[in-house]
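Below is one structure, written out as structure tokens; comments come after it.
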Amino acid sequence: MCGIVGIASRNKVSSREVIEMLKRLEYRGYDSFGYANIEGTCEKFIGRIDGKKITDIGSKVSICHTRWSTHGGVTKANSHPHNDCSGNIFVIHNGIIENYLQIKEDMIKKGHRFKSQTDTEIIAHYFEEYIKSLPIEKVVETFFKEAKGEFAILLIIKDDNKIYAFKRGSPLVLGVGKGKNILASDIYAFSNITDDVIFFNEDEFAIVEDSNYTFYKIDPKLKPVKKDVVKIQWAQKEETKEEYDHYMIKEIKEQPEAVKRLLTSLQYEQKNNLDSLKKMIKTSKRVVFIAAGSSYHASLLGVSFLNKVGIETHTSIASEFKTFNLIDDNTLVIAISQSGETMDVIEALRGIKQKGVKIASLVNVPYSTIQRMSNVSINIQAGQERCVAATKTFTNQVLTLAYLAHLFGYEFNVNNIPEKIESIFDQEDHIKKLAKKLKYKKDIYIIGRGYVYPIAREIALKLKEIAYIHAEGMMGGELKHGTLALIEDGVPVISLIPKEDRSIISNTKEVEARGGYIIPITNNPEINYPDKFIVKTDYELHFCIMSSIVGQLLTYYTAKEKNLPIDMPRNLAKSVTVK
Ligand code: F6R
């Protein structure tokens with residue numbers, strides 16, 4: 001994944017100021033970070049970005065990087081920037097060079113010495129090797145030809161006032177400022193500096209200086225291209241933790257507001273977009289969602305809502321989309337992605353876009369790659385979500401999907417969802433008590449049938465990623481086909497029991513008979529267990545959203561009991577920009 005920033009400025013910019021920009025990209029990875037400038041200074045640190053660790057120096061051209069490790073462990077040597085043998089070339093990279101071993105072997109044969117286990121370091125040596133005899137533009141052409149995989153790369157050379165920027169697959173954008181130009185993985189890195197932006201397209205290369213820039217398309221030779229400057233309307237404000245201990249709890253508590261904002265926006269500002277999407281669905285033979293993680297769970301609910309109103313709908317996990325064979329000219333693909341940058345989703349969309357299939361999307365981040373790839377896009381209006389775990393964005397994805405189905409006759413009470421969510425917050429003390437018990441558990445099972453099954457999976461995902469507890473979200477009916485063997489005395493089973501579902505009561509009893517510790521989430525007054533949660537509603541959509549929020553709170557307080565790094569759990573990142 002990784003986040004990259006580079007700045008070329010007429011006046012010197014302090015290293016700490018550049019690191020501040022990088023801090024906004026920390027959602028892309030937080031294993032280690034580093035900085036380099038054209039004077040040859042290079043510093044790297046393990047752990048989360050902390051500007052105070054960097055020596056406060058000024059430079060007209062500098063680059064910095066936050067890492068989510070792919071090739072090579074979390075070590076200082078593997079942190080970016082990487083440099084060549086002479087120490088003149090510094091490189092930062094987001095993506096993966098798939099054939100790096102081959103290029104590395106070749107460079108070693110040519111006498112280069114490597115200091116890291118990364119794929120990135122080959123770039124510095126490659127340029128060192130070839131710029132001895134060729135102009136850099138020629139080396140760029142051969143690099144694009146030889147390197148396989150995805151990359152957004154920034155390269156600087158000692159005492160040269162330029163940044164060389166390359167893009168294939170991974171996101172890269174240029175912010176055009178007054179007397180300074182900034183390159184970054186996303187526009188939010190420089191949102192306080194400029195509104196004027198140029199998005200890189202595939203296989204583009206740019207040479208960027210303080211007051212000018214030149215873009216080239218690799219085709220396969222470099223051809224200069226004219227680029228449009230886009231004026232950004234900043235719709236999302238940068239969120240802070242305010243009085244909360246963590247972003248996660250703040251974001252959970254923001255849900256009533258986020259839901260109201262979404263509903264208003266769907267009824268007014270986004271009405272035209274929604275009408276276009278409705279028309280696209282009407283004129284298509286089938287709808288296919290593509291998504292990953294929590295967004296995939298939202299899509300499972302989307303399938304259930306749309307099928308209910310007679311629309312043929314399927315969903316595919318983005319990384320498995322290659323095995324999905326139902327795409328034709330009459331298919332409407334709807335990508336669901338909070339970040340709008342998930343590489344697995346983008347990859348799937350690229351393939352079908354080339355075939356001319358229509359693409360719609362539900363995203364939370366304006367100007368994201370997926371939004372820009374779509375024929376029509378709905379913004380889920382959750383506001384910036386900073387905790388790695390999806391909470392308010394999941395709720396707003398589900399609500400947007402239900403609203404879409406509502407346009408075709410799916411029934412739910414649109415207006416009282418915020419107060420229904422508030423009613424879950426009234427049970428917080430109960431949740432905190434339960435968290436004290438759950439923190440000692442190694443495994444938790446969550447069961448649900450029919451439309452609530454995706455919520456079982458979503459709660460399990462939250463418990464795994466934030467509370468570090470192995471959890472499985474299952475179809476209630478499947479338990480007896482194997483997993484029941486794992487139930488013994490005291491194993492917690494969260495059972496999602498909507499009033500009308502008698503079968504899940506039987507499944508719950510089967511677990512209880514084997515010593516399972518039952519935690520029901522239910523709107524059925526007949527269900528009686530000491531640790532039950534009541535969700536007061538008669539609508540299936542409300543039941544889903546409300547029980548998911550019980551799961552979010554339970555996860556939060558369990559992780560808090562365990563003193564875990566809730567907002568930035570180990571090994572993860574908010575935006576998953578590698579395959
Ligand atoms: C879980 C979570 C992830 C994301 C997944 C897809 O809490 O946040 O599973 O849902 O990485 O991300 P987006 O929605 O940005 O495509």
Side-chain angles (χ1 to χ4, degrees), residues 1 3 25 27-29 68 171 185-186 188 236 246-249 251-252 255 289-302 315-321 333-349 359 361-374 377-398 400-401 446 454-469 471 473 548-549 551-556 559 564-579:
M1 268 87 83
L25 302 183
Y27 72 88
R28 305 178 69 86
W68 185 83
S185 300
D186 81 28
Y188 298 96
Q236 264 190 12
H246 299 97
Y247 281 106
M248 183 172 182
I249 188 68
E251 288 159 5
I252 292 172
Q255 292 180 94
F289 294 118
I290 301 180
S294 292
S295 300
Y296 174 72
H297 299 152
S299 79
L300 287 171
L301 283 164
T315 183
S316 169
I317 290 257
S319 56
E320 291 294 323
F321 185 68
V333 166
I334 305 183
I336 307 180
S337 173
Q338 182 282 130
S339 61
E341 296 294 349
T342 299
M343 182 54 84
D344 290 329
V345 180
I346 294 172
E347 274 275 309
L349 294 184
I359 297 173
S361 63
L362 311 187
V363 300
N364 192 43
V365 179
Y367 302 101
S368 55
T369 306
I370 293 174
Q371 189 198 48
R372 287 182 287 114
M373 287 176 91
S374 310
S377 184
I378 304 292
N379 189 291
I380 61 164
Q381 298 288 326
Q384 190 188 26
E385 188 175 67
R386 297 194 61 165
C387 174
V388 160
T391 53
K392 57 178 180 169
T393 57
F394 175 74
T395 298
N396 275 20
Q397 285 171 341
V398 172
T400 308
L401 290 162
I446 303 98
I455 299 299
R457 289 192 53 180
E458 174 58 12
I459 295 177
L461 181 57
K462 294 287 96 103
L463 284 164
K464 282 186 276 199
E465 66 178 331
I466 303 299
Y468 298 172
I469 297 176
S548 147
I549 293 174
Q552 294 171 1
L553 286 168
L554 205 51
T555 299
Y556 174 74
L564 295 175
I566 292 177
D567 289 328
M568 294 195 165
R570 68 182 171 217
N571 306 339
L572 300 179
K574 183 82 187 146
S575 180
V576 186
T577 59
V578 290
K579 279 197 265 182

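In listed order, ligands and their atoms are each counted from 1. Given the structure is predicted, the values throughout are model-derived calculations rather than measurements. The residues of the chain are indexed from 1 along the displayed sequence.
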*Does I252 offer a backbone N or O that forms a donor-acceptor pair with the side chain of K392 under 3.5 Å?*
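No, because the side chain of K392 does not come within donor-acceptor range (under 3.5 Å) of the backbone of I252.
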*asked:* Has N364 got a side-chain atom pairing as donor or acceptor with G383's backbone, closer than 3.5 angstrom?
replied: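 Present.
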Counting C-beta onward and ignoring hydrogens, is there a side-chain heavy-atom pair between [X] and [Y] closer than 4.5 Å?
{"X": "L349", "Y": "T369", "value": "no"}
{"X": "V365", "Y": "Q371", "value": "no"}
{"X": "L461", "Y": "S294", "value": "yes"}

*ligand 1: protein residues within heavy-atom distance under 4.0 Å*: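 Residue list for ligand 1: A292, G293, S294, S295, S337, Q338, S339, T342, V388, A389, A390, L461, K462, E465, V576.
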*Listed by chain and number, what are the salt bridge (charged side-chain N to carboxylate O under 4.0 Å, His left out) partners of K462, not counting sequence neighbours?*
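Partners of K462 by the salt bridge (charged side-chain N to carboxylate O under 4.0 Å, His left out) criterion, ordered by chain and then number, come out as E458, E465.
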